[in-house]
Each structure stands twice: as structure tokens, then as C-alpha cells.
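What follows is one structure encoded as C-alpha cells, with my remarks underneath.
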Number of protein chains: 2
Amino acid sequence: MLHEEVVSRLRDILLEGEVPPGARIPERELCLKLKISRTPLREALKVLAAEGLVLLLPHRGSRAARLTDKDVHDLFEVCQGLEALAGELACERVTDAQLQEIAEAHAAMVEHYRDGDLTQYYRRNRQIHEAIVAAACNPVLSGLYDSVTARIRRARYLTPMTPPRWATAIREHEAILNALERRDGMGLAHILRAHLRHKREEIIKAGFAEIDSGRGLAGHESAAAPV
Amino acid sequence: MLHEEVVSRLRDILLEGEVPPGARIPERELCLKLKISRTPLREALKVLAAEGLVLLLPHRGSRAARLTDKDVHDLFEVCQGLEALAGELACERVTDAQLQEIAEAHAAMVEHYRDGDLTQYYRRNRQIHEAIVAAACNPVLSGLYDSVTARIRRARYLTPMTPPRWATAIREHEAILNALERRDGMGLAHILRAHLRHKREEIIKAGFAEIDSGRGLAGHESAAAPV
DNA sequence: AATACAATTTTTGAATTCAAAATCGTGGAA
DNA sequence: TTCCACGATTTTGAATTCAAAAATTGTATT
């Protein structure tokens with residue numbers, strides 16, 4: 001198995017919550033599961049620690065990172081900044097083909113909204129935001145965006161969506177598409193900032209806190225379901 | 001030696017250009033130099049590869065990352081976005097003490113400008129930008145900023161500074177401090193974007209290209225001085 | 001019965017070892 | 001002379017091994 005693949009599979013295991021946030025990472029088991037020895041596994045752990053997904057306690061093993069309210073808040077703030085930047089750049093660089101792809105994804109998303117299909121809605125939503133970042137044509141930005149969204153994924157796509165919030169999101173997305181089609185960089189950046197700020201407020205209000213109630217690692221081993 | 005220390009020292013070695021960009025990383029030598037075995041060194045290499053400082057060629061060793069013009073451009077673009085975001089947030093959160101520290105650094109920087117002391121000027125310049133990011137009070141943002149600035153450091157602080165550009169930079173910094181003191185988030189974000197865009201244009205124009213002339217890795221081993 | 005201490009076990013971190021892959025060097029053929 | 005092929009050497013990637021640190025267990029003493 002290639003190095004990148006180990007990192008990738010381990011990342012998935014953490015993001016899926018197979019190892020719950022805050023729980024100790026069972027080196028032994030993962031070695032067996034991935035059919036590798038400890039050396040490559042530990043290399044992957046260090047990489048993921050640098051990404052912020054894993055917490056390394058010297059001489060005390062590693063744990064799946066636990067997101068505090070503050071972490072979620074910070075991640076959203078940065079995500080918002082990156083998306084706003086991406087929007088600005090995308091307006092300068094987006095190709096007609098990309099624009100069309102985004103428009104189609106948008107239409108599909110609105111359709112899912114009408115059907116009340118939240119899962120498919122989220123899928124399209126994510127596709128749109130990723131397409132905007134891709135259209136910015138900046139691999140550094142894409143990389144940071146991927147890393148931030150990976151860390152925040154659970155919070156972003158697993159919080160309850162209220163009807164009014166959903167309606168607002170759709171309206172905002174109309175404005176996003178519109179600004180992009182007009183190549184209005186400043187306008188788009190502004191909308192994206194507001195868009196994400198709304199989402200953030202919602203998530204914070206929804207009490208994402210339950211994932212982490214603030215006590216230290218010494219607490220329960222959190223064998224319970226992650227989210 | 002602690003894991004983080006190995007990563008840190010190796011990062012310095014790369015940033016200092018002790019291993020020139022594009023050059024192969026001599027595992028053996030570094031093991032001797034750092035007095036560690038290959039296992040922890042390779043762990044550090046993977047971490048730095050994830051950071052973008054090292055290029056891993058499967059079965060073909062690792063090399064110090066080589067920045068293309070496009071890379072520098074992309075890094076600056078993202079750096080600009082992060083600083084703008086930091087500026088906005090800093091306006092909401094900066095403490096009086098931090099503000100004072102920034103003002104003092106600014107005064108010192110202007111002094112170095114008058115003296116024509118570029119090295120000290122850069123030092124203060126960097127201190128100011130870092131202080132603004134710190135004032136944003138967002139560890140995620142700080143982390144990304146550190147990583148981006150680390151990658152771009154050589155390009156940022158080793159390009160020739162022309163007198164008119166220097167004068168412009170000083171004027172822009174006056175505006176930055178002013179906006180920060182007025183807690184004018186939007187204004188500061190705008191200024192910071194412009195500030196960095198100017199620097200970027202300067203660097204691109206200055207022909208940072210010489211560091212990488214576009215050919216592949218197969219080319220010369222680049223034993224020459226890094227910058 | 002509870003707590004403190006010590007011995008044992010487990011786990012972590014790193015060096016060594018080992019197999020596979022790539023590079024280098026030599027020799028032969030065109 | 002130049003190009004290609006084949007074998008030796010080096011280097012890489014990963015498993016194993018080893019030492020040190022921490023957790024656990026058991027025991028003794030208060």
C-alpha cells in the first residue's frame with residue numbers, strides 16, 4: 001500500500017468517526033486492519049497530526065482530535081475567508097464550462113431542496129463550493145480548503161437544517177450564482193462571507209457543543225457514537 | 001530529540017536553503033547531522049511533504065520543493081487572503097496592548113526605513129504582520145498563515161526592494177496601522193489585499209523565476225546557491 | 001479497608017534489519 | 001565508438017527488534 005493511501009484511509013477512518021473524536025487510536029488494531037506494520041502507520045499519524053486531525057501525546061499515544069466549540073468557530077471563520085478569496089479569484093478565471101457546471105449543480109441542488117432531500121442537497125452544495133474553489137485555479141488555496149473542510153466536515157454536514165435556514169441558504173446560493181455569472185468578484189466575496197457566517201451561527205446555536213462538552217481528555221473514553 | 005523538534009530543524013534546513021530547492025535530500029547525511037536514525041527522519045519528511053516543503057518521489061527519494069513562478073504567485077494570493085481575513089478579525093478583537101505593540105513595531109520599522117536598514121526593516125515588517133494575525137485570535141488561521149509564509153519566506157524577504165516600492169510599502173503600512181486603530185475591518189482588509197498585491201507584483205516582476213526556470217527535476221542537481 | 005509502593009506488563013519511540021526497487025558500472029555487440 | 005543489456009551496488013520502504021517510558025497489577029503496611 002502506498003504511503004498516501006495509508007494517510008488517506010486513516011483520514012477516512014477518523015472522519016467517518018470509526019475512531020470517535022477524543023478516543024485513543026488503537027495502533028495495533030489499525031495495523032491489522034490496514035495490513036501494514038507500525039512504521040508506516042505511525043508516519044501517517046504524524047502527517048494527520050500536522051493536519052490537525054490527530055492529537056499526539058508524547059509517550060502517551062495518539063488520539064482522534066476532538067473539536068471544541070472554539071475549534072469549529074475558528075475553522076468556519078477560516079473556511080469563510082478561503083471561500084471568499086476563491087470566489088473573488090473564480091470571477092476572474094472561471095471558464096464558461098465551469099460556470100455551466102456550477103449552474104447545473106445549482107439547478108440540481110434547488111431541485112433537491114424542493115424534494116426535501118437533504119443528503120442530495122448537501123452533496124450538490126458541496127459540489128458547488130468545491131467547483132468555485134477549483135475555478136479559482138490556485139492549488140495552494142485548494143489544498144488549504146480541502147484540509148479545512150475535511151476537519152470541519154462532520155460539523156458542516158451533520159447539523160440539523162431548519163426550514164428557514166434552508167430557504168435562506170437557497171436564496172444566498174441564487175445570489176452566489178448570479179454574482180459569479182456577472183463576474184462580480186467583490187460582490188461574490190461579500191455574499192460568500194455572509195453565506196458562511198449564517199451557516200456558522202446556525203451550527204453554533206444548534207449546540208454542536210455536544211460533541212465536546214469542554215472537559216479534558218481525562219474524561220470518558222467516548223466509545224459512544226461520534227455524532 | 002522530540003518529534004516536533006526534528007520536523008522543526010529539518011524545516012529550518014530547507015528554509016535556510018542548506019538543502020537547495022530541487023536538490024535531493026541526503027537522508028544519510030541528515031541522520032548523522034541530527035544524530036537520529038532514518039525512521040524519525042523519514043517521519044519528518046512525510047510531515048514536511050504534507051506541508052509542501054518536500055517533494056516525495058516514490059522509490060526515488062525526496063527533494064526540497066522547488067517553487068515555480070506559479071507556486072509563488074499562488075502562495076502570495078492565499079497569503080493575501082489570509083492576511084485580509086486576519087485584519088478584519090483583528091479589528092474586532094485586537095487588545096489595546098496588542099495595538100500598542102503593533103504601533104511600536106511600526107515606529108521602529110519606519111525608523112529602519114529612514115536608516116535604510118533593509119534587514120531590520122524586514123524583521124519589523126514581519127513582526128507587524130504576525131502580530132495582526134495573532135490579534136485575529138484564531139489558531140487555525142495562525143497555523144495556515146505560518147505554513148504559507150514559511151513556504152514563501154525566501155521569495156518574500158529576499159527579493160530586491162526598489163526605493164519607490166519601499167516608499168509605497170511604508171505608506172501602505174501607515175494606512176494599515178490607521179485602519180487597525182480605527183477598528184475599520186473592511187478598510188483594513190482592503191488595504192492588506194492591495195499591500196500584498198503590490199508586493200506580489202514586484203516579486204514576480206523582479207524575476208523570481210531564476211530560482212526555477214521551469215524545467216523538470218531531471219535537470220541540473222542545483223548544487224549552486226539557492227537564492 | 002485504603003493507600004502507597006514495587007514489580008510486571010504493555011505500549012511507545014526509535015534503531016536495526018531485510019526485501020524490493022532503482023541506479024550505476026561494466027562489458028559486449030552493432 | 002556508441003548504444004544497449006546485464007549484473008553489482010546503493011537506496012528506498014517497511015517489518016522487526018530493542019530500549020525506555022507509562023500503565024497496571026499485586027502486595028504490604030498503616
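Note on naming: letters A, B, ... go to the chains in the order of the sequence lines (proteins, then strands), and numbering restarts at 1 for each one. Values below: every heavy atom of this structure, side chains too, minus hydrogens, waters and symmetry copies.
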Checklist line | Lys/Arg N to Asp/Glu carboxylate O, A:Glu5 vs A:Arg9, below 4.0 Å | finding: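 Salt bridge between A:Glu5 and A:Arg9, a charged N being under 4.0 Å from a carboxylate O: no.
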
Margin query: Any carboxylate oxygen within less than 4.0 angstrom of a Lys/Arg side-chain nitrogen, looking at A:Glu77 and B:Arg93?
Written below: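 Answer for the salt bridge query: yes.
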
Note to self: Can you see whether A:Tyr145 engages A:Glu130 through a side-chain donor-acceptor pair at a distance of less than 3.5 angstrom?
What the structure shows: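 Judged by distance alone, the side chains do not pair up.
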
Note to self: Show, in sequence, the C-alpha distance, side-chain angles and deciding distance for B:Leu192 and B:His129, and conclude whether the side chain to side chain contact (heavy atoms under 4.5 Å, CB included) test is met.
What the structure shows: CA-CA 10 Å; B:Leu192 282 168; B:His129 286 289; 4.1 Å; yes

Next item on the list: Name all pairs fulfilling the side-chain hydrogen bond (donor to acceptor under 3.5 Å, both in side chains) condition that reach into residues 48-62 of chain A, sequence neighbours left out, sorted by first residue then second.
Entry: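 For residues 48-62 of chain A: A:Arg11-A:Glu51.
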
Distances under 3.5 Å between protein N/O atoms and the N/O atoms of nucleotides 12-15 of chain D, please, pair by pair.
{"from": "D:dT12", "atom 1": "OP1", "to": "B:Arg24", "atom 2": "NH2", "distance (Å)": "3.4"}
{"from": "D:dG13", "atom 1": "OP1", "to": "B:His59", "atom 2": "N", "distance (Å)": "3.1"}
{"from": "D:dG13", "atom 1": "OP2", "to": "B:Arg42", "atom 2": "NH2", "distance (Å)": "2.6"}
{"from": "D:dG13", "atom 1": "O5'", "to": "B:Arg42", "atom 2": "NH2", "distance (Å)": "3.1"}
{"from": "D:dG13", "atom 1": "N7", "to": "B:Arg38", "atom 2": "NH2", "distance (Å)": "2.8"}
{"from": "D:dG13", "atom 1": "O6", "to": "B:Arg38", "atom 2": "NH1", "distance (Å)": "3.3"}
{"from": "D:dA14", "atom 1": "OP1", "to": "A:Met1", "atom 2": "O", "distance (Å)": "3.3"}
{"from": "D:dA15", "atom 1": "OP2", "to": "A:Ser37", "atom 2": "N", "distance (Å)": "2.7"}
{"from": "D:dA15", "atom 1": "OP2", "to": "A:Ser37", "atom 2": "OG", "distance (Å)": "2.2"}
{"from": "D:dA15", "atom 1": "O5'", "to": "A:Ser37", "atom 2": "OG", "distance (Å)": "3.4"}
{"from": "D:dA15", "atom 1": "N7", "to": "A:Thr39", "atom 2": "OG1", "distance (Å)": "3.1"}

